[in-house]
Amino acid sequence: AIANITYATTGATGAGITGLPAGVTGSWLANVVTISGIPTVQGTFTYMVTLTGGCGTAVTTGTLTVNPDNTIALASAPGTDAQDICINTALTPVSYNTTGATGASVTGLPAGVTGSWFADVVTISGAPSEAGTFSYTVTLTGGCGNITAPGSITVRPDNTIILTSGAGTDNQTVCVNTALTDITYATTGATGAAVTGLPAGVTGTWAADVVTISGTPSLPGTFTYLVTLSGGCGTVTTGGTINSAPDNTITLTSPAGTDGQTICINSPLTDITYAT
């Protein structure tokens, strides 16, 4: 609504008012011209008050400048106002073009991300340092209207991996051809995992956020394995060792036949030796 504009008149029997914007009217009553209302169109309007009746031609003019409501429109690529990113990863900058405002505030951003207004452009940028879903609001200041724009930033934490089988299961020693005690890891964030470096007969799988290493090693040796998470955020790995011990062996190393001697009583035995 405009502040009422009033004119006192003398001598006239009426008045005509022209040039007003839509929504604003002028009237004459008891020697007073009153201009009031709520303009519904924008622009600069020069109005004229012309008295009627009485003597002479009496005219006065005035101006009403009607500013439009502020506007805000996403100027960066579609979808930049609803991003899903990893923690400590730079946001694709979000920008909004504005009209009418003399400034803007941005609330609800995660730590590490800031919003600024300059030359009729709001810019949101930075690298979020906390995880979560953040709904932000851009609010224009100055100018006309209560104009806001919403958006969201979903910040995913880094993947995690934790040993959930018994302590030491990630550093086993077993006999060759003997089943391993299953090794399990709980994971978060990942969409899969690869396990490398396992002995033949042992496999690693990922399902429902759990890595499972199981099987029966069919070759002896010391095997250092590596679990690498895939998908999600961050490069997250862990490892362990499987020592597959060969079967015991025993071999006669003294001369052939010494393990089947016939000797006289009280005579020395030819030494019998075995390597193990």
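Nothing here was measured: the structure is a model prediction, and the numbers come from that model. Residues take their numbers from the sequence shown, with the count starting at 1.
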Exercise. For Thr160 and Thr188, does a side-chain donor sit closer than 3.5 Å to a side-chain acceptor?
Worked result: yes

Exercise. Does the Ser230 side chain pair with the main chain of Gly192, one donor and one acceptor, at a distance under 3.5 Å?
Worked result: yes

Exercise. Can you tell me if Ser76 uses its side chain to pair, donor with acceptor, with the backbone of Val94 under 3.5 Å?
Worked result: no

For this session: Kindly say whether Val49 contributes a backbone atom to a donor-acceptor pair with the side chain of Thr60 at under 3.5 angstrom?
Result: no

Exercise. When you measure from the side chain of Gln172 to the backbone N and O of Thr181, does any donor-acceptor pair fall under 3.5 Å?
Worked result: yes

Problem set entry | From CH2 (Trp117) to CG (Asp120), nearest 0.5 Å | 5.0 Å

For this session: Let me know which of Thr63, Leu20, Thr18, Thr65 forms a side-chain contact (heavy atoms from CB on, under 4.5 Å) with Thr46.
Result: Thr63

Exercise. For the side chain of Gln261 and the backbone of Leu269, is there at least one donor-acceptor N/O pair under 3.5 Å apart?
Worked result: no

Problem set entry | Side chain to side chain, Thr148 and Asn146, heavy atoms closer than 4.5 Å | yes

For this session: Could you tell me whether the side chain of Thr187 and the main chain of Asp209 form a donor-acceptor pair under 3.5 Å?
Result: yes

Problem set entry | Option passing side chain to side chain donor-acceptor pair (under 3.5 Å) with Thr253 (candidates Thr276, Thr258, Thr273) | Thr273

Exercise. Under the 3.5 angstrom rule, does the side chain of Asn70 hit a backbone N or O of Cys144 as a donor-acceptor pair?
Worked result: yes

For this session: Treat each ILVMFWY residue as a node, draw an edge where side-chain heavy atoms are under 4.5 Å apart, and state whether Ile263 and Ile272 are in one component.
Result: yes

Problem set entry | Interatomic spacing from OG1 in Thr191 to CH2 in Trp206 - rounded to 0.5 Å | 6.5 Å

For this session: Give a yes or no on whether the backbone of Pro110 and the side-chain of Glu130 come within a donor-acceptor separation of less than 3.5 Å.
Result: no

